Each structure stands twice: as C-alpha cells, then as structure tokens.
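Structure first, commentary second.
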Amino acid sequence: MNIEIYSKKAIEELLKKVKKLKNTAVISFYDPPNAKGERATPVDYSGKADMLFQVAVNDIDIEVLPEYDLTFETYFTEVDELAEFIDEAYNKNMDIICQCEYGQSRSAACAAAILEYYNKNGISIFADYRYYPNQMIFNKVLDALKKYNKIK
C-alpha cells in the first residue's frame, strides 16, 4: 500500500493527465459551507478512482471547536465510516491518495494516521517540513481505525 498526499490543485492537474487512478482509493477533504453559506467545490473524481470517500470537514484545532458549535465528539462524525473505507482499501491492497485544499493539514493528518496504524511510522509525515498535520484529524482517524478493527 502506497499513500500519497495531494493538494486540490495538484490532484486536479494529475486527473487531467490520467484516464484512471489504477488500484487507488481516494480520501478527499473539502471545506463545509462557511458562515455566509458559500460552499467549497469538492474535486470531481468521476470515473477516476476505484474507491472514493469525500467529506466536508473544517481544518480547525480543538481550541476553536466552540466557535463552530462543535465538541470533540461532534467534530468529524464521518470518521467511523472513513475507518471502514480505509480498512477495505487496505485489505484490497490498494494505494491511497489523501487530498485536501492545500495538501498539508487534513490530508497529511489522515495519511499519518493510516501509516501509524498499519506501519507504525506516521511520525514520518509529522517530521516532513512540507506538512502540518491537523492533530484532531490524526487522532480521530487513528482512534477510529483502532476501534473498527477491534470490533471487526
């Protein structure tokens, strides 16, 4: 299993060049509607990925959760479904692309959690100066993977 991290711009450029991302599962993070109701546009992966999990989740830290009327428990509630998606991709020996707006925070955190869970080397993402993994995404995904595989 190979894990790659992409920004929205970089993945859109790649998608223009390839017919299909072969044997690849994609986890795509995008911003939920803002206070003005403006919506971010998720990347269009139509026909390009074997598996796709798209989720709108804010790139925020635990300290500002109350400003969004969220708690740790209500932030990123789709994470259990994501753990099942990741496990399925892993069991099918698929490569995984983690993508977010800038390819530095949410996607990096998700990639780090996957690497930590399966290979015990998620620290490699934290040590790479190109990334600033979102701590909440990392912990939510890692915890969900542990919980999912314990139940399974």
Side-chain angles (χ1 to χ4, degrees), residues 1-32 34 40-45 48-65 67-68 70-150:
M1 171 179 64
N2 184 35
I3 298 180
E4 295 184 57
I5 301 167
Y6 280 88
S7 67
K8 182 177 182 179
K9 182 179 178 180
I11 199 69
E12 288 177 335
E13 289 300 315
L14 176 65
L15 293 175
K16 289 177 189 175
K17 298 175 186 173
V18 299
K19 276 189 170 182
K20 187 164 170 76
L21 301 166
K22 293 186 168 75
N23 195 42
T24 301
V26 175
I27 301 165
S28 177
F29 295 95
Y30 61 98
D31 295 331
N34 64 20
T41 308
V43 173
D44 181 7
Y45 287 96
K48 298 283 188 171
D50 295 312
M51 292 176 62
L52 175 62
F53 190 94
Q54 288 184 306
V55 61
V57 62
N58 285 304
D59 185 11
I60 57 176
D61 294 319
I62 198 163
E63 300 84 28
V64 297
L65 284 174
E67 294 173 29
Y68 291 80
L70 295 168
T71 64
F72 187 78
E73 290 74 27
T74 61
Y75 174 77
F76 192 14
T77 56
E78 304 85 354
V79 74
D80 291 333
E81 295 167 47
L82 178 57
E84 185 175 353
F85 176 88
I86 293 166
D87 190 66
E88 182 180 347
Y90 177 80
N91 288 325
K92 290 180 176 180
N93 200 30
M94 299 179 86
D95 293 331
I96 297 176
I97 288 177
C98 298
Q99 172 264 308
C100 67
E101 187 67 30
Y102 296 106
Q104 297 175 334
S105 185
R106 290 168 288 186
S107 57
C110 185
I114 296 167
L115 287 170
E116 184 60 29
Y117 182 77
Y118 290 105
N119 301 337
K120 304 294 184 236
N121 69 338
I123 192 70
S124 64
I125 302 295
F126 284 89
D128 189 322
Y129 70 92
R130 296 174 296 174
Y131 306 120
Y132 305 93
N134 179 300
Q135 296 284 315
M136 289 204 318
I137 296 284
F138 174 80
N139 285 297
K140 296 279 283 197
V141 172
L142 184 58
D143 289 348
L145 283 167
K146 289 175 183 176
K147 182 175 124 187
Y148 177 77
N149 284 291
K150 187 176 184 179

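In this text, all values refer to a predicted model and were calculated from it rather than measured experimentally.
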Please name the pair of heavy atoms, one in [X] and one in [Y], separated by the smallest distance, quoted to 0.1 Å.
X	Y	answer
Gln99	Ile11	CG-CG2, 3.8 Å
Lys140	Val79	O-CG2, 3.4 Å
Ser107	Gly103	OG-CA, 3.4 Å
Tyr75	Asn134	OH-ND2, 4.1 Å
Ile96	Met1	CD1-SD, 3.7 Å
Leu65	Phe72	CD1-N, 3.5 Å

- prompt: Who passes salt bridge (charged side-chain N to carboxylate O under 4.0 Å, His left out) against Glu13, sequence neighbours left out?
  reply: Lys16
- prompt: Taking only residues two or more places apart in sequence or in another chain, which ones pass salt bridge (charged side-chain N to carboxylate O under 4.0 Å, His left out) with Glu12?
  reply: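 So Glu12 forms no salt bridge (charged side-chain N to carboxylate O under 4.0 Å, His left out) with any residue.
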So does [Y] get a backbone contact from the side chain of [X], meaning a donor-acceptor N/O pair under 3.5 Å?
X	Y	answer
Asn23	Asn93	yes
Asp50	Ala25	no
Lys48	Val18	yes

- request: For atom OH of Tyr45, decide whether the heavy atoms of other residues, nucleotides or ligands shown that lie under 6.0 angstrom number more than 12.
  value: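 Atom OH in Tyr45 is packed in, count exceeds 12.
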Heavy atoms of other groups near Lys9 NZ, more than 12 under 6.0 Å: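 Open: at most 12 neighbouring heavy atoms sit under 6.0 Å from NZ of Lys9.
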Starting at [atom1] of [X], measure out to [atom2] of [Y] and round the result to the nearest 0.5 Å.
X	Y	atom1	atom2	value
Met51	Ile27	CE	CD1	8.5 Å
Lys146	Lys150	NZ	NZ	10.5 Å
Glu84	Tyr148	CD	OH	4.0 Å
Asp31	Cys100	CG	SG	9.0 Å
Ser105	Tyr131	OG	OH	12.5 Å
Cys98	Arg106	SG	CZ	12.5 Å

- request: For side-chain contact (heavy atoms from CB on, under 4.5 Å), just list the numbers for Val55 and Leu82, CA-CA rounded to whole Å, side-chain angles, deciding distance to a tenth of an Å, and then say yes or no.
  value: CA-CA 9 Å; Val55 61; Leu82 178 57; 5.7 Å; no
Any side-chain heavy atom of [X] within less than 4.5 Å of one from [Y]?
X	Y	result
Leu15	Val43	yes
Lys8	Tyr30	no
Ile125	Ile3	no
Gln135	Ile62	no
Phe29	Phe76	yes
Glu4	Asp95	no

- request: In sequence, state the C-alpha distance, the side-chain angles, and the governing distance for Asp59 and Glu101, and then conclude on side-chain contact (heavy atoms from CB on, under 4.5 Å).
  value: CA-CA 10 Å; Asp59 185 11; Glu101 187 67 30; over 6 Å; no
- prompt: Can you list the steps and then say if Val64 with Asn58 is a side-chain contact (heavy atoms from CB on, under 4.5 Å)?
  reply: CA-CA 11 Å; Val64 297; Asn58 285 304; over 6 Å; no
In a table with atom names and distances, give each donor-acceptor pair under 3.5 Å that connects a side chain of residues 113-120 to protein atoms at least two apart or in another chain.
from: Glu116; atom 1: OE1; to: Gly122; atom 2: N; distance (Å): 3.0
from: Tyr117; atom 1: OH; to: Asn149; atom 2: ND2; distance (Å): 3.2
from: Tyr118; atom 1: OH; to: Asp87; atom 2: OD1; distance (Å): 3.3
from: Lys120; atom 1: NZ; to: Tyr117; atom 2: O; distance (Å): 3.4

